[in-house]
Amino acid sequence: MPSLTVAQARRIAIAAQGFHEPRPAGAVTRAHLKRLIARIQVLQLDSISVAVRAHYAPVFSRLGGYDRDVLDRAAWSHSARSPRLLVEYWAHEAALMAVEDWPLLRWRMREYTHGRWGTEIVRKNQQLVEDVLAAVDVLGPSTAGQIEAHLESEPRGRKGPAKKEMWDRSDTKWVAEALFASGRLTTATRVGFARHYDLAEKVLPPDVVAREVDDQEAVRELILRAAGALGVATETDLRDYFRLSPKQSKPTVAALVAEGELEPVEIDGTPAYLRAGQKVPRLDRGTALLCPFDPLIFFRPRVERLFGFHYRIEIYVPAPKRQFGYYVWPFLLDGELVGRVDLKRADNALHVVGAFAEDGQDRSRVAAALSVELQAMAGWLGVGGVTVGDRGDLAVPLRRVVGS
């Protein structure tokens, strides 16, 4: 069995995610975005926006400053000249994925017939399910609140305030989310970050809605897409990318090895799989700030194996107990994770709440390179500049370079 060093595997992983290529010299176009999605497959969605929402960040990290309207139009609008490029679904977690890949997750939609959570609420409200579908058909793209208001205004609708359940969601919201999970509704657009639901057949092309994919073939395609996005990965890594089960992934990986699509390798003794045709880059490349939901660092055990970088999101950790901060971005420099910064937008600036170098790193070198990326990010976000707080061993050298 061929073997790879950790350094070789790391180079493969970075190249597979597109970090080894130079950023476009001109404006980032829809074509650039389409090529990037074909490479990394998904852009995870998240409601936190202390610096910038998660789905915008991986595009910036790979392509540099770009007009976010390019992504918004690809995800939330459609025209004859510019068809919808992306659709939202539970791909990794809630994520944007290529429209044509939506049928690959029909098996998950069937698993989520009554939703991902709150299934008993949906099972007990089958009439409400039909009412919500009928309301959306009449209203067009609508929030759960708009659907609820419409239903309560009808003579045959439910009277009084909507019943509240766990997480303070109304029954209507639970049903709308279940219909999204089951594929009967999808996201037509988002305003702010509020999801506006519409019937899938009104949002997606007819051929996509009509396309049926055998469950085993769908899982095979998802594993292949994960393998392409990861470059080299363990079976567990491949499974995590689209949140598959061991029952799905293990026999599929074995079949792909038999077909020659995946090549078994060892990474310092750990069994892994190389996407057929994947070359080992000779040089360490790739410099970028990575948001917590970047596909390169989705799976924390893999990050630790390949980069020796222990990373956890501390959003839900009480502030006094946080080690690094609320919303921390790892910093990739020449193919290594060398530091991390806790970022937020404040007072028309990109503010570094805390900055930390990894053990053994030259802090002056890291600070100089990090300053360049932070200034580029500030320009992309349209804020005045970069300010640096006091937390972390990288704060002083970074402040010296930034001049704040």
Side-chain angles (χ1 to χ4, degrees), residues 1-2 12-13 16-17 34 37-44 85-117 119 122 178-187 200-201 203-266 270-278 295 298-299 301-302:
M1 182 183 297
I12 291 169
Q17 286 281 313
K34 186 172 183 178
I37 294 299
R39 183 192 292 275
I40 67 174
Q41 301 298 319
V42 293
L43 296 171
Q44 186 169 338
L85 179 64
L86 304 173
V87 65
E88 184 180 336
Y89 190 62
W90 295 108
H92 177 71
E93 287 296 317
L96 294 169
M97 63 188 299
V99 163
E100 59 266 26
D101 287 346
W102 186 80
L104 297 179
L105 291 163
R106 285 193 184 278
W107 57 269
R108 179 166 287 161
M109 296 172 194
R110 287 191 292 273
E111 287 184 355
Y112 292 162
T113 296
H114 297 102
R116 189 177 182 186
W117 301 287
T119 56
V122 179
L179 288 167
F180 170 81
S182 68
R184 299 179 73 181
L185 297 180
T186 190
T187 307
E201 57 267 29
V203 173
L204 301 175
D207 60 317
V208 170
V209 176
R211 183 181 167 210
E212 294 288 342
V213 183
D214 175 79
D215 288 4
Q216 289 185 338
E217 179 61 22
V219 171
R220 178 184 183 278
E221 287 299 318
L222 292 171
I223 290 287
L224 282 174
R225 281 162 171 70
L230 295 171
V232 64
T234 66
E235 182 273 323
T236 309
D237 299 338
L238 292 168
R239 182 199 315 166
D240 177 78
Y241 209 79
F242 288 102
R243 297 294 168 88
L244 304 172
S245 69
K247 185 179 178 181
Q248 291 171 308
S249 62
K250 288 184 177 181
T252 304
V253 168
L256 289 170
V257 169
E259 295 171 19
E261 296 284 357
L262 297 179
E263 178 185 353
V265 295
E266 285 189 350
T270 299
Y273 301 92
L274 188 68
R275 183 70 170 97
Q278 180 72 60
F298 270 165
F299 195 45
R302 182 174 188 257

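One is the number of the first residue; the rest follow in order along the sequence. Note that the structure is a prediction, hence the values are computed from the model and not measured.
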Below 4.0 angstrom, N of the basic side chain to O of the carboxylate: do [X] and [Y] qualify?
X    : Y    : answer
D215 : R110 : yes
R220 : E259 : yes
D101 : R225 : yes

Subject >> Expected output: side-chain T119 to main-chain G115 donor-acceptor under 3.5 Å >> reply: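 No; judged by distance alone, with no hydrogens or angles, the pair does not exist.
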Subject >> Main-chain N/O of K34 paired with R39 side-chain donor or acceptor, under 3.5 Å >> reply: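 Not confirmed, R39 side chain does not pair with K34 backbone.
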Original post:
In terms of heavy-atom contacts, does CD of Q216 have more than 12 from other residues, nucleotides or ligands at under 6.0 Å?
Top reply: no
Subject >> Residue pair T186, E88: steps toward the side chain to side chain donor-acceptor pair (under 3.5 Å) verdict >> reply: CA-CA 7 Å; T186 190; E88 184 180 336; over 6 Å; no
Smallest separation among heavy atoms of [X] and [Y], with atom names:
X    : Y    : value
T234 : P271 : CG2-O, 3.5 Å
Q41  : A229 : CG-CB, 4.4 Å
G260 : A276 : O-CB, 3.3 Å
P264 : P2   : O-CD, 3.5 Å
L222 : W107 : CD1-NE1, 3.8 Å
R243 : R108 : O-NH2, 2.7 Å

Approximate separation, where rounding is to 0.5 Å, of [X] [atom1] and [Y] [atom2]:
X    : Y    : atom1 : atom2 : result
R239 : K250 : CZ    : NZ    : 5.5 Å
E111 : R106 : CD    : CZ    : 14.5 Å
Q17  : L230 : CD    : CG    : 7.0 Å
I223 : Q248 : CD1   : CD    : 8.5 Å
L179 : H114 : CG    : NE2   : 10.0 Å
T252 : K247 : OG1   : NZ    : 12.0 Å

Any side-chain heavy-atom pair of [X] and [Y] under 4.5 Å:
X    : Y    : answer
L104 : R211 : yes
F180 : T187 : yes
S249 : V219 : no

Subject >> CA sep, side-chain torsions, deciding dist, call: R302, D240, side-chain contact (heavy atoms from CB on, under 4.5 Å) >> reply: CA-CA 10 Å; R302 182 174 188 257; D240 177 78; over 6 Å; no
Subject >> Counterpart residues, side chain to side chain contact (heavy atoms under 4.5 Å, CB included), relative to R116 (two or more places apart) >> reply: W90, E93, Y112
Original post:
Under 6.0 Å between ring centres, would you say that holds for F298 and H92?
Top reply: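 Yes, close enough.
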**OP:** Output, in order, the C-alpha distance, side-chain angles, deciding distance and verdict of side-chain contact (heavy atoms from CB on, under 4.5 Å) for Y89 and L96.
**Re:** CA-CA 7 Å; Y89 190 62; L96 294 169; over 6 Å; no
Original post:
Pick from L224, L238, I12: which one makes a side chain to side chain contact (heavy atoms under 4.5 Å, CB included) with R275?
Top reply: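 Of L224, L238, I12, side chain to side chain contact (heavy atoms under 4.5 Å, CB included) with R275 is met by L224 alone.
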Original post:
Checking side-chain contact (heavy atoms from CB on, under 4.5 Å) for the pair F242/V42: CA distance, chi angles, key distance, verdict?
Top reply: CA-CA 9 Å; F242 288 102; V42 293; 3.9 Å; yes
**OP:** Kindly indicate, with the supporting measurements, whether the criterion side-chain contact (heavy atoms from CB on, under 4.5 Å) is fulfilled by Y273 and V232.
**Re:** CA-CA 6 Å; Y273 301 92; V232 64; over 6 Å; no
